*Asks:* 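Supplied in structure tokens, the structure appears directly below.
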Amino acid sequence: MGDDTRRNMALFPIGIVMKLTDLTARQIRYYEQNDLIQPARTEGKQRLFSFNDVDRLLEIKALIEKGLNIAGIKQVLQLNDPTPVQTEITTTSETKRKEMSDKDLHQLLRQQIMYRNATRHGEGALIRGELSRFFH
DNA sequence: GTTCTAACA
DNA sequence: TGTTAGAA
């Protein structure tokens, strides 16, 4: 069993995740509604989170504390995530990599630079205003 | 006892 | 976001 498989196994209920992340159930469910996370469900509709889900929630929490809204978080998360979910076993040299248009690539780089500039220096309230200006 | 959805003095 | 009601 691969390590990645292990990280993606749905293991704990929302109660555990609340303690692990210091987020309220309300917040966790709200982030799910906004597609920031997609925990698995039991037959009884109860959410089951994986280690990856928890890590993701911790990042979301950090970004929220930096003053970002859902829209901003989605963009930042996609910067690190564009998770090329590629199958490693490709007998042909034909990879199904998603192509990015030049426009998308440039926008991505621009956002990365703005995020660094805004995040590197301060940590206080100064940042909040600037970040929200970038991502709002 | 926990979690879920929906709704709001 | 908090909180609450009613159901599972």
Side-chain angles (χ1 to χ4, degrees):
Chain A
M1 192 179 288
D3 214 58
D4 188 64
T5 303
R6 208 178 322 250
R7 286 177 187 283
N8 284 309
M9 289 196 295
L11 299 175
F12 14 71
I14 199 167
I16 301 295
V17 179
M18 288 174 68
K19 295 176 181 175
L20 258 34
T21 63
D22 273 304
L23 290 170
T24 64
R26 176 80 165 81
Q27 289 177 299
I28 296 173
R29 295 179 183 127
Y30 179 70
Y31 301 150
E32 180 191 24
Q33 283 196 313
N34 287 280
D35 304 309
L36 263 37
I37 52 172
Q38 33 257 209
R41 295 293 186 118
T42 65
E43 293 180 20
K45 300 303 179 184
Q46 291 194 191
R47 272 163 274 249
L48 287 183
F49 302 77
S50 66
F51 276 96
N52 277 172
D53 290 325
V54 175
D55 283 343
R56 202 182 178 74
L57 282 171
L58 288 174
E59 280 202 30
I60 293 172
K61 184 193 174 194
L63 293 173
I64 285 290
E65 292 174 337
K66 281 179 179 285
L68 295 207
N69 54 30
I70 279 66
I73 294 177
K74 280 185 180 177
Q75 295 182 53
V76 175
L77 246 40
Q78 289 179 64
L79 295 183
N80 314 305
D81 228 27
T83 318
V85 185
Q86 285 189 52
T87 306
E88 297 185 33
I89 310 172
T90 45
T91 45
T92 66
S93 59
E94 204 173 294
T95 54
K96 295 182 179 178
R97 183 181 311 162
K98 289 183 179 178
E99 298 296 339
M100 260 194 288
S101 68
D102 284 1
K103 180 185 177 185
D104 291 334
L105 181 57
H106 287 154
Q107 184 185 325
L108 200 65
L109 293 173
R110 181 176 61 74
Q111 292 181 345
Q112 284 190 12
I113 293 173
M114 289 198 298
Y115 182 65
R116 292 207 191 90
N117 289 334
T119 205
R120 182 174 303 168
H121 311 302
E123 296 159 33
L126 289 175
I127 282 301
R128 296 176 188 169
E130 299 197 21
L131 282 178
S132 55
R133 227 186 297 154
F134 291 146
F135 299 117
H136 183 281

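Chain naming here is simple, since letters A, B, ... match the order of the sequence lines and numbering starts at 1 in each. Worth saying up front: this structure is predicted, and the values here are computed from it rather than measured.
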*Asks:* Any side-chain N or O of A:Tyr31 below 4.0 angstrom from OP1/OP2 of C:dT1?
*Replies:*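 So the side chain of A:Tyr31 is within the cut-off, an N or O lying under 4.0 Å from OP1 or OP2 of C:dT1.
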*Asks:* Paired with C:dT1 by Watson-Crick or G-U wobble geometry, both distances under 3.5 Å: which nucleotide is it?
*Replies:*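 None - no nucleotide pairs with C:dT1, as no candidate has both distances under 3.5 Å.
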*Asks:* Could you tell me which non-hydrogen atom of A:Arg7 sits nearest to which non-hydrogen atom of A:Ser50, and how far apart they are?
*Replies:*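 Answer, listing the atom of A:Arg7 first, then A:Ser50: O-CB, 3.2 Å.
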*Asks:* Going hydrophobic residue to hydrophobic residue with side-chain gaps under 4.5 angstrom, can you get from A:Leu48 over to A:Leu20?
*Replies:*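 Not linked; separate clusters.
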*Asks:* Are more than 12 heavy atoms, taken from residues, nucleotides or ligands other than A:Phe12, located less than 6.0 Å from that residue's CZ atom?
*Replies:*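 Yes, CZ of A:Phe12 has more than 12 neighbouring heavy atoms, counting only those of other groups under 6.0 Å.
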*Asks:* Contact between A:Leu11 and A:Ile16 at the side-chain level, heavy atoms closer than 4.5 Å - yes or no?
*Replies:*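 No. Closest side-chain heavy atoms not under 4.5 Å.
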*Asks:* Between A:Tyr30 (OH) and C:dT3 (P), how many Å, whole number?
*Replies:*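 Nearest whole value for this atom pair: 17 Å.
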*Asks:* In this structure, how many angstroms lie between the C1' atom of C:dG2 and the CD1 atom of A:Ile28, rounded?
*Replies:*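 It works out to 14 Å between those atoms.
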*Asks:* Give a yes or no on whether a salt bridge exists between A:Arg6 and A:Asp3, defined as a side-chain N under 4.0 angstrom from a carboxylate O.
*Replies:*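 Between A:Asp3 and A:Arg6 there is a salt bridge, with a charged N closer than 4.0 Å to a carboxylate O.
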*Asks:* Over all strands shown, is A:Leu48 touching base, sugar-phosphate only, or nothing at heavy-atom distances under 4.0 angstrom?
*Replies:*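 Nothing, no nucleic acid heavy atom in range.
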*Asks:* Which of residues 7-22 of chain A have a heavy atom under 4.0 Å from DNA chain B?
*Replies:*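 Only A:Pro13, A:Ile14, A:Gly15 qualify.
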*Asks:* Does A:Asp55 use its side chain to pair, donor to acceptor, with the backbone of A:Asn52 at less than 3.5 Å?
*Replies:*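 Not a single qualifying donor-acceptor pair exists.
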*Asks:* In residues 38-47 of chain A, which ones come under 4.0 Å of DNA chain B, going by heavy atoms?
*Replies:*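 A:Arg41, A:Lys45, A:Gln46, A:Arg47, in order of number.
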*Asks:* Run the numbers on A:Lys61 and A:Gln27 for side-chain contact (heavy atoms from CB on, under 4.5 Å), then give the verdict.
*Replies:* CA-CA 10 Å; A:Lys61 184 193 174 194; A:Gln27 289 177 299; over 6 Å; no
*Asks:* Which value, rounded to the nearest 0.5 Å, describes the distance between A:Met18 atom CE and A:Thr24 atom OG1?
*Replies:*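 The OG1 atom of A:Thr24 is 6.5 Å from CE of A:Met18, to the nearest 0.5 Å.
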*Asks:* Just name whichever nucleotide pairs with B:dT2, Watson-Crick or G-U, keeping both distances under 3.5 Å, else none.
*Replies:*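 With both distances under 3.5 Å, B:dT2 matches C:dA8.
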